S.K.: 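Let me begin by handing over the structure; questions about it come next.
As the structure is a prediction and not an experimental result, all values here were calculated from the model.
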Amino acid sequence: MECYFIVDTYIDERKGRGLYDDYIRKVKPIIESFGGEYLVRTEKITSLHPKRNPQRVIMIRFPSRQALDACFASEEYQKIMNERMSSVDARALIVE
């Protein structure tokens, strides 16, 4: 059964985008190697809630929950995860 990974990203302008942009470049091939398909990757967002104003939204479809879990537990992803964690506030959901 397909599974979706949805994330709102809040970029800390004081830290800049350098580390996050490097993460974006590195993560795409990892996601795709586990069967993940980007459905949405955009910074063109209209928020309908005054307290929820992400600068970027990503939606990825995985073929299964197992594929999603394997991707984010993989050695390749673990090597770059800190680049995201130390550069942005990312709030993710998994939807099965």
S.K.: Can you tell me how far apart NZ (K26) and CE (M81) are? Round to the nearest 0.5 Å.
M.R.: 13.5 Å
S.K.: A side-chain contact here means heavy atoms from C-beta on lying under 4.5 Å apart; do L39 and Y4 qualify?
M.R.: yes
S.K.: Check ring-ring contact (aromatic ring centres under 6.0 Å, His included) between Y77 and all other residues, then give those that pass, not counting sequence neighbours.
M.R.: F72
S.K.: Kindly say whether K79 contributes a backbone atom to a donor-acceptor pair with the side chain of N82 at under 3.5 angstrom?
M.R.: no
S.K.: Just to verify, what does E76 make a salt bridge (charged side-chain N to carboxylate O under 4.0 Å, His left out) with, not counting sequence neighbours?
M.R.: none
S.K.: Determine yes or no for a side-chain-to-main-chain donor-acceptor pair under 3.5 angstrom, with Q55 supplying the side chain and I11 the backbone.
M.R.: yes
S.K.: Can you measure from CE (M59) to CD1 (I6) and round to the nearest 0.5 angstrom?
M.R.: 4.0 Å
S.K.: Let me confirm one number: the CD1-CZ distance from I94 to R65, rounded to the nearest 0.5 Å.
M.R.: 4.0 Å
S.K.: Can you tell whether the side chains of D21 and R25 come within less than 4.0 Å, N to carboxylate O?
M.R.: no
S.K.: Could you tell me if the side chain of T42 sits less than 4.5 Å from the side chain of R56, heavy atoms only?
M.R.: no
S.K.: Quick one: closest heavy-atom pair of V57 and I45, and the distance?
M.R.: CG2-CD1, 3.5 Å
S.K.: Under 3.5 Å, which donor-acceptor pairs do the side chains of residues 28-36 form with other protein atoms, sequence neighbours left out?
M.R.:
{"residue": "K28", "atom": "NZ", "partner": "E32", "partner atom": "OE2", "Å": "2.7"}
{"residue": "S33", "atom": "OG", "partner": "I30", "partner atom": "O", "Å": "2.7"}

S.K.: Is it possible for you to say whether L68 and I80 belong to one hydrophobic cluster, with membership spreading through side-chain heavy-atom contacts below 4.5 Å?
M.R.: yes
S.K.: Is the backbone N or O of R52 less than 3.5 Å from a side-chain atom of S47, with the two atoms forming a donor-acceptor pair by type?
M.R.: yes
S.K.: Taking the six-membered ring of Y10 (Phe, Tyr or Trp), confirm whether the NZ or CZ of R91 is under 6.0 Å from its centre and within 45° of its axis.
M.R.: yes
